[in-house]
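What you are looking at is a predicted structure, and each value in this text was computed from that prediction instead of being measured. Hydrogens, waters and symmetry mates play no part in the numbers below; they use all other heavy atoms, side chains included. Numbering starts at 1 and runs along the sequence shown.
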Amino acid sequence: MSCIFCRIVAGTEPSQTIHEDEHAIAFLDVAQATKGHALVVPRAHHRDLGEIPVETAAHVMCGLRSRCLDGSSARSGLLA
């Protein structure tokens, strides 16, 4: 697996996961632009945004939105 995101999803690459569900995983960026800067990726590998099926993208965004609105401490670092 050469894709670092696939390794994070598989659990073979360390990450500081802040949210995960059956569709996506969110983790803190190792080179945070701002405190709490997180990356959200679908569990399935896709080369770029245009390759992600609409249904998958919707699930990823719904999970992210839910995480942002749940009152968690990570909320301030998640920007829309």
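The two residues Ile8 and Pro14 have their closest heavy-atom pair at CG1-O, 4.4 Å. When all heavy atoms of His37 and Ala31 are compared, the closest pair comes out as ND1-O, 4.4 Å.
In this structure, OG on Ser2 lies 7.5 Å from CZ on Arg7, to the nearest 0.5 angstrom. The distance from atom CD of Gln16 to atom CG of Asp29, rounded to the nearest 0.5 Å, is 11.5 Å.
For the pair Phe5 and Ile25, the minimum side-chain heavy-atom distance is 4.5 Å or more. Side-chain atoms of Leu28 and Ser15, non-hydrogen and from C-beta on, never get closer than 4.5 Å to each other.
Glu51 CD: more than 12 foreign heavy atoms inside a 6.0 Å radius.
Between the side chain of Arg43 and the main chain of Asp21, a donor-acceptor pair closer than 3.5 Å is present.
Evaluated for a side chain to side chain contact (heavy atoms under 4.5 Å, CB included) with Phe27, the options Ile18, Val41, Val9 yield exactly one hit, Val41.
Taken together through direct or relayed side-chain contacts under 4.5 Å among Ile, Leu, Val, Met, Phe, Trp and Tyr, Val30 and Ile4 form parts of separate hydrophobic clusters.
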